[in-house]
Each structure stands twice: as C-alpha cells, then as structure tokens.
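Since we're looking at a predicted model, the values are computed, not measured.
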Amino acid sequence: MRGGGWGRVLITDNQGKDERMSQAPETAGGAGTEETVETRGEERVDLLRADTNNDGRTDVWVVDTDGDGKADLFQFDTDGDGKVDVTMVDLDEDGQPDEIVDGDGGLPPEQLPPTVQV
C-alpha cells in the first residue's frame, strides 16, 4: 500500500488517472473491535502469502474465496505482530475494493510460514 502517511491509503484506478487519499477505516467501537466482511464464497484458497519485511512471518495474504482462481480477499499485517490489521474485499472482482475493515474481517488466516524465500 502506498500513502501519504500512517493511516492513509492511496486509491487509484488502473490507468492512474483517478487518485485520491482516503482515511484508513475506523472501527465504531474503538480498538479491538472486529468487523465481519462478506465474501464471494465460503472457501479460503491462499493464492499468495508474502513476508514483506523479512521477519519470517506472513504480512500479506491474497485469497480466492469462491474457487474461480481470482483474488477477492486481501489481508495485511501492517505492524509486524503476526495478526491481520486490515482486510479488503473485492466482491465484483473489478480490482477496486468494495469494503475495507480493521482486523481480519472474521476470516483469520491459517498461521503458516511465508512462501519460499528467494
């Protein structure tokens, strides 16, 4: 994710024309409140797991929930504690998030080591 500072996300279309900054989602109940997201299906097939800061733990999960081979759930550990901090869902698989919530969205990933280190 790119942004202008902590708690901000840059949203852009595929052509790079429509750029705007948005505030990171806030939970209604404060810290520790978890929101649940709706997904396209009931499966969880991790298409990609990545350790972006080389600490040996997964930081990014890209998931297919309906079995069509396309990513529709994206989860990020932004502070390196091993837990999902932000979840994005792309219900129509158009490349634009339809919902962004704090936490794992009720869909915690299986705690596996990241994919092969190169």
### Task
Report the residues that fulfil salt bridge (Lys or Arg N to Asp or Glu O under 4.0 Å) with E93, sequence neighbours left out, ordered by chain and then residue number.
R40
### Summary
Sequence neighbours excluded, the answer for salt bridge (Lys or Arg N to Asp or Glu O under 4.0 Å) partners of D98 is none
### Query
In Å, rounded to the nearest 0.5 Å, how long is the span from CZ of R49 to CZ of R57?
14.5 Å
#### Entry: Under the side-chain hydrogen bond (donor to acceptor under 3.5 Å, both in side chains) test, residues paired with D46 that sit two or more places apart
R44
#### Entry: D104 backbone acceptor or donor facing Q75 side chain under 3.5 Å
yes
### Message
For T52, give me all partners under side chain to side chain contact (heavy atoms under 4.5 Å, CB included), at least two apart in sequence or on another chain.
### Response
A50, D59, V60
### Task
Under the salt bridge (Lys or Arg N to Asp or Glu O under 4.0 Å) rule, collect the residues that match up with D85, sequence neighbours excluded.
none
### Task
Would you indicate whether the side-chain heavy atoms of E43 and D64 approach each other to under 4.5 Å?
no
### Query
Taking all atoms of both residues into account, what is the closest heavy-atom pair of K70 and L47, and its distance?
C-CD1, 3.9 Å
### Message
Quick check: do W61 and D77 have side-chain heavy atoms less than 4.5 Å from each other?
### Response
yes
### Message
Using the side-chain hydrogen bond (donor to acceptor under 3.5 Å, both in side chains) criterion, which residues pair with T39? Sequence neighbours excluded.
### Response
none
### Message
Under the side-chain contact (heavy atoms from CB on, under 4.5 Å) test against L107, which residue among V84, V63, T36, L73 passes?
### Response
L73
### Query
Hey, are K83 and D81 close enough for a salt bridge, meaning a charged N less than 4.0 Å from a carboxylate O?
no
